Amino acid sequence: MKAEILSILRKSNSYVSGQTLCNRLGVSRTAVWKAVQQLKDEGYEIEAVTNKGYRLVQIPDVLTAVELQSQMLSVSDNAVAPDGGNSAIGSHIEALESVDSTNNYAKKIAENGAQHGTLVIAEQQTGGKGRRGRSWVSPKGSGIWMSYILRPQMYPDRASMLTLAAAMATAAGIRKALEAHNLSALCQIKWPNDIVLNGRKIVGILTEMSAEPDCVNYVVVGIGINVNITNFPEELQKTATSLLLETGVSFLRSSIVVDISGYFKQYYHIFMKTHDFSALAEEYNAMLVNCGREVMIDEKNGQLTGTAEGIDAFGRLLVRTASGETKQIIAGEVSVRGMYGYV
Ligand code: BTN
């Protein structure tokens with residue numbers, strides 16, 4: 001009920017009477033009053049004026065299921081899947097205070113049948129995981145540490161493209177947040193799935209999968225976003241940054257999560273029509289920091305340098321070498337760097 005109250009208050013520009021809330025929710029005035037008191041205890045500033053009703057003044061920077069669901073309810077059509085069912089990305093939310101890794105938690109509940117689209121999100125990770133066995137710094141309350149559980153009916157060799165779709169959704173969500181604050185910081189994708197702000201990393205994505213040779217059981221797409229972090233360990237200081245460090249602005253994390261979930265739903269839907277990137281490659285390439293740049297690829301058998309030309313319909317990075325040959329680089333098998341730095 002708290003999510004519905006917040007959603008109604010959010011949609012209204014002025015006061016909503018207690019009676020209107022009772023009628024809309026089919027509950028008593030006391031029940032509404034109690035829910036409003038609980039919301040106030042959780043940090044919401046809700047003004048109550050006799051004969052006028054309630055007005056939402058300020059929301060706290062929290063990543064609770066109530067906050068995320070109420071925002072999703074306010075964004076028309078976001079909470080409902082294209083098929084009219086309840087399987088939209090982010091339609092079911094598990095919000096945790098602290099967990100070792102949202103990816104680990106998501107895998108555990110996926111093994112026990114958690115539904116497609118479930119979002120696991122935590123205020124803090126005590127054992128956040130990065131790619132290649134690295135750890136991911138995930139301090140309390142200053143970032144977005146979340147994992148989506150997906151159950152796509154497709155061949156497992158297509159799954160790496162889900163990570164590309166997640167990167168597009170994340171970049172789009174961050175760009176929207178920057179625009180809302182009239183900020184011009186440049187948010188781009190570094191192939192395959194890092195996101196950089198002004199050339200430094202603010203997002204990492206770790207995708208894990210359970211599959212059989214011809215079908216996917218589930219995919220967990222874990223996304224880490226450095227939102228309001230101000231201190232990184234020394235070894236990360238040259239490459240890592242946060243939205244706050246780059247812009248000087250503290251962002252409300254919940255609306256970024258809701259926007260990313262909305263974009264991810266759209267990109268996922270387009271991807272699932274063909275199980276490839278034919279309809280998305282152009283938009284992805286427009287977000288790509290590597291396009292037209294010299295890159296260095298660390299392969300198993302040595303290094304390759306060339307000019308990145310963007311991705312193809314299967315998400316492979318096309319790199320033109322000095323000899324004029326175009327190589328197709330497959331994500332997961334290589335690491336890509338700029339010739340003169342991280343990008
Ligand atoms: C990378 O190395 O770039 C990938 C980092 C992925 C971090 C996210 S945070 C949420 C999810 N849970 C984890 O343990 N890792 C991912």
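Every number for a ligand or one of its atoms is a count from 1 in the order of the listing. These numbers come from a predicted model, not from an experiment.
- Remark: minimum distance from atom 5 (C) of ligand 1 to any protein heavy atom is reached at Trp136 CE3, 3.4 Å.
- Classification of the Tyr267-Tyr263 ring pair by plane angle, with boundaries at 30° and 60°, yields parallel.
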Item to complete: Let me see the working for Leu243 and Ile256 under side-chain contact (heavy atoms from CB on, under 4.5 Å), right down to the final yes or no.
Response: CA-CA 11 Å; Leu243 275 162; Ile256 300 179; 4.0 Å; yes

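- In the vicinity of Thr102, heavy-atom distances shorter than 4.0 Å reach the ligand 1 atoms 10 (C), 11 (C), 12 (N).
- With Tyr218 as the aromatic partner, Arg151 does not meet the cation-pi criteria of under 6.0 angstrom to the ring centre and within 45 degrees of the ring axis.
- Close contacts between ligand 1 and Lys129 involve ligand atoms 5 (C), 6 (C), 7 (C), 13 (C), 14 (O), 15 (N), 16 (C) [criterion: under 4.0 Å to a heavy atom].
- Residue Arg132 places every heavy atom at 4.0 Å or more from ligand 1.
- Hydrophobic clustering of Ile, Leu, Val, Met, Phe, Trp and Tyr side chains at less than 4.5 Å, counting indirect connections, keeps Leu252 apart from Ile260.
- The shortest contact between atom 8 (C) of ligand 1 and any protein heavy atom is with Gly224 N, 3.5 Å.
- Here the heavy atom of the protein found nearest to atom 1 (C) of ligand 1 is Arg131 N, 3.6 Å.
- Heavy atoms of Ile205 found under 4.0 angstrom from ligand 1 belong exclusively to the backbone.
- For Gly128, the closest heavy-atom approach to ligand 1 falls below 4.0 Å.
- Ligand 1 places these atoms under 4.0 Å from at least one heavy atom of Ile223: 8 (C), 9 (S), 10 (C).
- The aromatic rings of Tyr284 and Phe277 stand perpendicular to each other, their planes meeting at an angle above 60°, with 30° marking the opposite boundary.
- Here is the list of ligand 1 atoms found below 4.0 Å of a heavy atom in Lys201: 1 (C), 3 (O).
- By the 4.0 Å heavy-atom criterion, Arg134 is excluded from the residues contacting ligand 1.
- The two atoms that bring Gln115 and Thr118 nearest to each other are O-OG1, 2.6 Å, heavy atoms only.
- For Glu123 and Arg253, the salt-bridge test passes: some basic side-chain N is under 4.0 Å from an acidic carboxylate O.
- For atom 12 (N) of ligand 1, the nearest non-hydrogen atom of the protein is Gln125 OE1, 2.9 Å.
- Note that CD1 of Ile202 and CD1 of Ile229 are 10.5 Å apart. Values are rounded to the nearest 0.5 Å.
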